[in-house]
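Read the structure below first, then the notes.
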There are 2 protein chains.
Amino acid sequence: MKPLRADGRRNRERIVAVAAELVGRDGAQASLEEIARRAGVGSATLHRHFPSRQALLEAIFRDGVAQLCERAAAQPGRDPAAELADWLEELTGYTAANRGLAAALLTGPDGLSAEEICCTDMLLGVLKTLVTRASSAGAIHAGATPEDLMMLANAIAVANEDDPLTARRVLRLALTGIRP
Amino acid sequence: MKPLRADGRRNRERIVAVAAELVGRDGAQASLEEIARRAGVGSATLHRHFPSRQALLEAIFRDGVAQLCERAAAQPGRDPAAELADWLEELTGYTAANRGLAAALLTGPDGLSAEEICCTDMLLGVLKTLVTRASSAGAIHAGATPEDLMMLANAIAVANEDDPLTARRVLRLALTGIRP
DNA sequence: TCTTAAACAGGGGGGCCCTCCGTTTGTCAA
DNA sequence: TTGACAAACGGAGGGCCCCCCTGTTTAAGA
């Protein structure tokens, strides 16, 4: 993977910046043409840099997600189940607040090159360690797999885009169950 | 609301039949143009009968949803919480199995005429009685509102379209919580 | 400076949703 | 039965979208 030419890098950055803004306004379905127009590039340029909508969304959210993942890697605390729940709640709040992210995560990495770091993978990695830690402490039951929890968090976030508070509340409900 | 003319009724039925087939194949985003083409009507006819995609989806699923609601109205059993959980699981399985339904329910009745029976309303009605019953028996905690549960079930279903088994499993997980 | 491959802009094809408007057709009264 | 009328029809067309193809510009290294 050769480094991009200077103009290529410049354009790529502008595209991501504009895309972040428009996805924030219109959600994951933002018009790629408008993104290209506002970034001052042709639509072909956008499609060369990002072969799919999914790839563009990945680029938009990669930094934020990475940051979220770092925060989880902090020192293990007392109650691994509570830690897991807290992080999931934070994840849900974040994805719900960032329009388009939850949908992108739910869709999965549609044919992204394996070389690129992928949001789904990063998050799933973090989640796996948290689940393993909690599980080996006997703090959660076996039915709760990382994949299921990831799906659950994203499903709730995608259903509550623009309402992170509700999303967090419902996730909390889902983690504690309905019984008193 | 005058009854439709004979040709109007015929066309309407054909549209719904074809739409059900194509939504089953392509999901809620099925092409309205193709539906009209296959039904042998002009696109204007389709739009006259169903002013929005939402309205068409409602028509497709109304019968199945009504049936599902009836089944819930059966005699109250021993454990209201289990009843609630069972019905929610059934709902999730059904909506996940019928492509497009979950998405339609999540979107909500977008400007449907109030006269028409609406799937969301039917389901929410059933859910309210189940929750009230369980709640007054002290079998579930107060945080679980009908709206939250509806949203939760639909979110899981929409995230697992075409995989009703996974959808049911994850819903069960969400209703029991992660602790052992 | 010069060469050349990478990156570019814009146009065009194909598809979609939805509305306008002239035409056909079912219905009901005479 | 017939005829008038309102209801329902369907095709064309506007506006938008995504994506690919083409010839042109330009940055980077010799």
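Below, read A as the first sequence line, B as the second, and so on, with proteins coming before strands; counting in each chain starts at 1.
In this structure Arg53(A) satisfies the salt bridge (charged side-chain N to carboxylate O under 4.0 Å, His left out) test with no other residue, sequence neighbours excluded. Remark: Asp63(A) engages no residue in a side-chain contact (heavy atoms from CB on, under 4.5 Å) (not counting sequence neighbours). Residues passing the salt bridge (charged side-chain N to carboxylate O under 4.0 Å, His left out) test with Asp79(A) are Arg179(B), sequence neighbours excluded. Under the salt bridge (charged side-chain N to carboxylate O under 4.0 Å, His left out) criterion, Glu13(B) pairs with no residue at all, not counting sequence neighbours. Annotation: side-chain contact (heavy atoms from CB on, under 4.5 Å) contacts of Ala159(B) (sequence neighbours excluded): Leu106(A), Met151(A), Ala155(A). Partners of Arg9(B) according to the salt bridge (charged side-chain N to carboxylate O under 4.0 Å, His left out) rule, which considers only residues two or more places apart in sequence or in another chain, do not exist here.
For the pair Arg53(B) and Gly8(A), both in contact range of DNA chain C, the more 5′-proximal nearest nucleotide belongs to Gly8(A). Map His49(B) and Asp7(A) each onto its nearest nucleotide of DNA chain D; the residue landing nearer the 5' end is His49(B).
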Please walk me through it: do Leu101(B) and Tyr94(B) pass side-chain contact (heavy atoms from CB on, under 4.5 Å)? CA-CA 9 Å; Leu101(B) 174 52; Tyr94(B) 180 78; 3.4 Å; yes
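For DNA chain D, the residues of residues 40-48 of chain B within the heavy-atom distance limit of 4.0 Å (strictly under) are Gly40(B), Val41(B), Gly42(B), Ser43(B), Ala44(B), Thr45(B), Arg48(B), sorted by number. Sorted by residue number, the members of residues 22-34 of chain B with any non-hydrogen atom under 4.0 Å from DNA chain C read Ala30(B), Ser31(B), Leu32(B), Glu33(B).
Salt bridge status for Arg71(B) with Glu90(B): present, with a side-chain N to carboxylate O gap under 4.0 Å. Taking a cutoff of 4.0 Å between a charged side-chain nitrogen and a carboxylate oxygen, Asp7(A) and Arg12(A) do not qualify as a salt bridge.
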For DNA chain C, please output the secondary structure as dot-bracket, reading 5' to 3'. Pairs are Watson-Crick or G-U wobble, both atom distances under 3.5 Å; mark crossing pairs with [ ], other-strand partners with |, unpaired with a dot. ||||||||||||||||||||||||||||||
Would you tabulate the nitrogen or oxygen pairs shorter than 3.5 Å linking the protein to nucleotides 22-24 of chain C?
none

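Of the listed residues (Ile156(B), Leu175(B), Leu165(B), Asp163(B)), just one forms a side chain to side chain contact (heavy atoms under 4.5 Å, CB included) with Val170(B), and that residue is Ile156(B).
The line from CG of Leu105(B) to CG of Asn154(B) is 5.0 Å long, rounded to the nearest 0.5 Å.
The interatomic distance linking Arg10(A) (CZ) with dA7(C) (C1') rounds to 11 Å, in whole Å. One atom, CD1 of Ile35(B), and another, P of dC18(C), lie 11 Å apart when rounded to the nearest Å.
Read 5' to 3', the first and last nucleotides of DNA chain D with an atom closer than 4.0 Å to a heavy atom of chain A are dC17(D) to dA28(D).
The two residues Ala59(A) and Phe50(A) have their closest heavy-atom pair at CB-CE2, 3.7 Å. Residues Arg62(B) and Cys119(B) share a closest heavy-atom pair of CA-SG, 3.9 Å. When every heavy atom of Arg99(B) is checked against every heavy atom of Val23(B), the shortest pair comes out as O-CG1, 3.0 Å.
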Could you pull out every donor-acceptor pair under 3.5 Å between side chains of residues 37-45 of chain B and any protein atom, sequence neighbours left out?
unit_1	atom_1	unit_2	atom_2	d
Arg38(B)	NE	Glu34(B)	OE2	3.4
Arg38(B)	NH2	Glu34(B)	OE2	3.1

